[in-house]
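Below is one structure, written out as structure tokens, with a few remarks after it.
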Number of protein chains: 2
Amino acid sequence: MNHDTILHSLIADNLVSDPESARGRLLREAARLFRDKGYERTTVRDLAAAVGIQSGSLFHHFRTKEEILKAVMVETIRLNTAVMQAAMDAADTNREKLRALISAELESINGQTGEAMAVLVFEWRSLSEPSQAEVLKLRDIYESLWLEVLTALKEEGALVADPFVVRRMLTGALSWTVTWYRPERGGLSQEGLTDQVMAMLGLSKADSR
Amino acid sequence: MNHDTILHSLIADNLVSDPESARGRLLREAARLFRDKGYERTTVRDLAAAVGIQSGSLFHHFRTKEEILKAVMVETIRLNTAVMQAAMDAADTNREKLRALISAELESINGQTGEAMAVLVFEWRSLSEPSQAEVLKLRDIYESLWLEVLTALKEEGALVADPFVVRRMLTGALSWTVTWYRPERGGLSQEGLTDQVMAMLGLSKADSR
DNA sequence: TTACAAACCAAGCGCTTGCTTGGTATGGTC
DNA sequence: GACCATACCAAGCAAGCGCTTGGTTTGTAA
């Protein structure tokens, strides 16, 4: 199950929009703008211009501006949960499963579609409370993947700290990479960065204690 | 050198505003509002109402709304650099110095004046580019404290990963605690949380490798 | 008592915002 | 060829925004 296969299966189930469709293109541009300028600083006129229509025409596709933000978040979390699940299933040991999760999360936030993931993390407050509750449910599924693996590692004795705390720390640390990590400028590769995170946790391959 | 001594010395040097003064009170309320609602969602009318004056009167104290954000950030980073420096100086070993830094940063973001620190982290994008450059200079001093200790630990062999990467990861992890860590609801104390972070890095007292 | 600056109010200006409205192409279906 | 839903445009409305203005109160010091 590679990334594209997962994407198309979700599109078929109507769980995420086809990036080729009008809706999909708008959501992608919206994610980019929301990440670059923030939700509040992005106007409906900005959004419309990005896809080449009039600002009023946006409201044929979405009832409100906030609905666009919500759609970006919901579709992003759906896609990423599926991708993470697949990455985890493909790994054998718990240590490898964790590595797969870290690598996948780094990819999802720093990769090509990373705009949407950054929006999910940093624009949370701009979502109305009812919408937050909705997205929160989806996020719980996503988080349970992590806790499962971290708890297993703790039981193995490979992890000293509390799984719940470690996951929260990793959430912050990994999402923060979007503010400083620039792989295209040379230096550390994404795999290299994953290694660094594993090393930081004392979970490198060579490192058995 | 305790926290209050440092604060008063900075006030005397006119580097931060007295929290009792009109300006100081405004900045504190601004920090709280900016953290809770975000800079863009906070109106000058909100700010004025929080200190009990008319919205127009704000502009007697600050030329623009953005100047208020900048002042919050500049004063916060000045205070915290001084506090961190003192915490570090009071520690003996490098391991203890790092622990002091982590503990101090957790305190600065989750403690009583944590609003301002959260603003510094999460409202960065709302600052104009010239102001960003100004604050960035101050932040570099702050960051050099961390890198100094982390590099020393690496040379000691106590740290495996790259100091620069570790600092970035810690920045994300520690600042993210503001979104989930609620010490007042019982559970983990701030010292306990510091222990967890040290354990995660494989730098607990008992843990010598 | 006078003088004066700092702190504030009451009113509102000019502009941008999210969103609405009435109407017009476009493409597929019977 | 009539019908109709989908996708869009052109224009603009009501509300809220940051900020300005002219004038008043308050505190301080000679």
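Protein chains get the first letters and strands the later ones, always in sequence-line order, with residue 1 at the start of each. As a basis for the values below, the full set of heavy atoms in this structure was taken, side chains included, without hydrogen atoms, waters or symmetry mates.
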Check your understanding: For the pair made of CD in A/Gln54 and P in D/dC8, what is the distance, rounded to whole Å?
Key -> 11 Å
Point to revise | Length of the line joining B/Lys37:NZ and D/dG16:P, which is rounded to integer Å | key: 13 Å
Check your understanding: Could you give the CZ-to-P distance, from B/Phe62 to C/dA7, as a whole number of Å?
Key -> 11 Å
Practice item. Report which part of the nucleic acid B/Ser55 touches: base, sugar-phosphate, or nothing (heavy-atom distance under 4.0 Å, all strands). Key: base
Study note, to complete from the structure: note: B/Asp46, atom CG; D/dC19, atom C1'; distance rounded to Å ~ 16 Å
Check your understanding: Just to confirm, is there a sub-4.0 Å distance from OP1 or OP2 of D/dC8 to any side-chain nitrogen or oxygen of A/His61?
Key -> yes
Check your understanding: Just to confirm, is there a sub-4.0 Å distance from OP1 or OP2 of D/dC9 to any side-chain nitrogen or oxygen of A/Ser57?
Key -> yes
Check your understanding: Between atom CD1 in B/Ile53 and atom P in C/dC8, what is the gap in whole Å?
Key -> 6 Å
Check your understanding: Is there a donor N/O on one and an acceptor N/O on the other, under 3.5 Å, for the side chain of B/Arg45 and the base of D/dG18?
Key -> yes
**Study point:** Nearest-angstrom distance from the residue atom CD1 of B/Ile68 to C1' of D/dG18
**Key:** 11 Å
Review point. Is B/Ser175 reaching over with its side chain to a backbone N or O of B/Thr171, donor-acceptor style, under 3.5 angstrom?
Key: yes
Practice item. Using atom CD of B/Glu40 as one end and atom P of C/dT17 as the other, report the distance to the nearest whole Å. Key: 11 Å
Study note, to complete from the structure: Across all chains, not counting sequence neighbours, the salt bridge (charged side-chain N to carboxylate O under 4.0 Å, His left out) partners of B/Asp18 are none
Study note, to complete from the structure: The residue, B/Tyr39 or A/His60, whose nearest nucleotide of DNA chain D is more 5′ is A/His60
Revision key, fill the gap. A/Lys65 NZ to C/dT20 P, in whole Å, measures 15 Å
Review point. Which residues pass the side-chain hydrogen bond (donor to acceptor under 3.5 Å, both in side chains) test with A/Arg32, sequence neighbours left out?
Key: A/Glu29
